[in-house]
Amino acid sequence: MPTTITPLPFTTACLDALPLEPAYAEEMAVVLADPALYVFTGGGPPDPAALRSRYERQSAGSPDPGELWWNWVLRVRADGSLAGYVQATVRGPRAEIAWVVGTPWQGRGYASEAAQGLAAHLVAAGGVRELVAHVHPDHAASEAVATAAGLRPTGEWEDGERRWAGNPPVPGPRWGGVRVGPSRRRGPTRNRP
């Protein structure tokens, strides 16, 4: 199992996935400001101060030593804007993943690209052999993202969401040339609290 608390950055064809830092809170509050993002997940848009506080807790890591909280913001390389985030809660060879792309960036394939890149990154980072996500049954776009990441629906449910699971393939050309390591640029959620 990977042991680093802070995840390594990774890149995909169009995105830089940068390790979460509290300094991203103000820009991410704008990305996450559309109430439509919360139709299937509940909650509402966070204010920058609350988001900074959440990011401080998430960046500090899980209080459970057997669990890693890995979080990244997604920067669109073409224009430098933040567009969303991906995250993984890693426990042994299993990672629960989640993704959110802000409304203005939806429909461009960024969520699928990010989820595929995340899956490949978790394999490359070592130890992850099973991915799990929870998707609302009426959220067709998130179901498409889960499918793109190699997940399939199961018969299991949690809090009104269907559990999706799968084994990530070994990274290769199909995964959009994911590059693990320092990004070319320097720079919410299932992780608790």
Side-chain angles (χ1 to χ4, degrees), residues 4-64 67-90 95-119 121-122 125 133-136 139 141-142 145 149 161 176 178-193:
T4 179
I5 291 175
T6 303
L8 291 173
F10 65 94
T11 63
T12 64
C14 298
L15 303 169
D16 290 326
L18 307 171
L20 182 69
E21 296 178 8
Y24 292 125
E26 192 167 321
E27 188 176 355
M28 284 300 296
V30 174
V31 172
L32 302 173
D34 187 349
L37 290 174
Y38 307 91
V39 169
F40 296 108
T41 61
D47 69 59
L51 197 56
R52 177 178 284 277
S53 179
R54 181 189 320 161
Y55 286 178
E56 287 170 355
R57 288 189 306 274
Q58 288 176 321
S59 296
S62 173
D64 180 344
E67 180 176 86
L68 296 171
W69 288 350
W70 281 357
N71 298 275
W72 298 263
V73 294
L74 301 171
R75 186 173 302 284
V76 178
R77 198 171 306 109
D79 66 11
S81 64
L82 292 183
Y85 65 84
V86 291
Q87 59 185 195
T89 301
V90 181
E96 183 170 337
I97 63 172
W99 52 86
V100 172
V101 170
T103 306
W105 298 273
Q106 292 179 3
R108 301 178 193 187
Y110 291 153
S112 291
E113 180 179 322
Q116 289 173 352
L118 176 60
H121 178 69
L122 292 170
H134 292 87
V135 179
H136 190 282
H139 199 326
S142 274
V145 172
E161 295 180 321
V178 173
R179 186 172 69 82
V180 177
S183 174
R184 287 187 278 272
R185 290 190 182 266
R186 303 254 336 134
T189 52
R190 280 256 186 245
N191 292 338
R192 305 284 191 249

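Every heavy atom of this structure was used, including side-chain atoms; hydrogens, water molecules and symmetry mates were not.
Looking at residues two or more places apart in sequence or on another chain, you find a side chain to side chain donor-acceptor pair (under 3.5 Å) between D64 and R91. With sequence neighbours left out, the side chain to side chain donor-acceptor pair (under 3.5 Å) criterion links T103 to D34. Residues satisfying the side chain to side chain contact (heavy atoms under 4.5 Å, CB included) criterion with E56, sequence neighbours excluded, are P22, R52. For V145, the side chain to side chain contact (heavy atoms under 4.5 Å, CB included) criterion is met by W99, A111, S112, A115, not counting sequence neighbours. Applying the side chain to side chain contact (heavy atoms under 4.5 Å, CB included) rule to P45 yields the partners P35, Y38; only residues at least two apart in sequence or on another chain are considered.
When all heavy atoms of V76 and Y110 are compared, the closest pair comes out as CG1-OH, 3.5 Å. The two residues P7 and W70 make their nearest non-hydrogen contact at CB-CG, 3.6 Å. The two residues S62 and E67 make their nearest non-hydrogen contact at OG-OE1, 3.0 Å. Scanning all heavy atoms of the two residues, the minimum distance from L15 to E113 falls at N-OE2, 3.4 Å. Considering every non-hydrogen atom in both F40 and E161, the closest pair reads O-OE2, 4.3 Å. The minimum heavy-atom distance linking A88 with L118 is given by the pair CB-CD1, 4.5 Å.
The side-chain heavy atoms of T12 and Q116, taken from C-beta on, include no pair separated by under 4.5 Å. Proximity of T41 to H136: side-chain heavy atoms (C-beta onward) are nowhere separated by under 4.5 Å. Looking at heavy atoms from C-beta onward, V86 lies out of side-chain contact with I97 at the 4.5 angstrom threshold.
Between F10 and W72, the angle of the ring planes goes over 60°, which puts this pair in the perpendicular group of the 30/60° scheme.
In terms of modelled atom types and a separation under 3.5 Å, the side chain of D16 and the main chain of L18 share no donor-acceptor contact. Q58 places no side-chain N or O within donor-acceptor distance of the main-chain N or O of N71, the cut-off being under 3.5 Å. Judged by distance alone, with hydrogens and angles left aside, the side-chain atoms of Q106 form a donor-acceptor pair with the main-chain N or O of V101 at under 3.5 Å. Under the 3.5 Å distance criterion, the side-chain polar atoms of S53 are left unmatched by any main-chain donor or acceptor of A49.
Donor-acceptor pairing under 3.5 Å is lacking for the side chains of T89 and E96.
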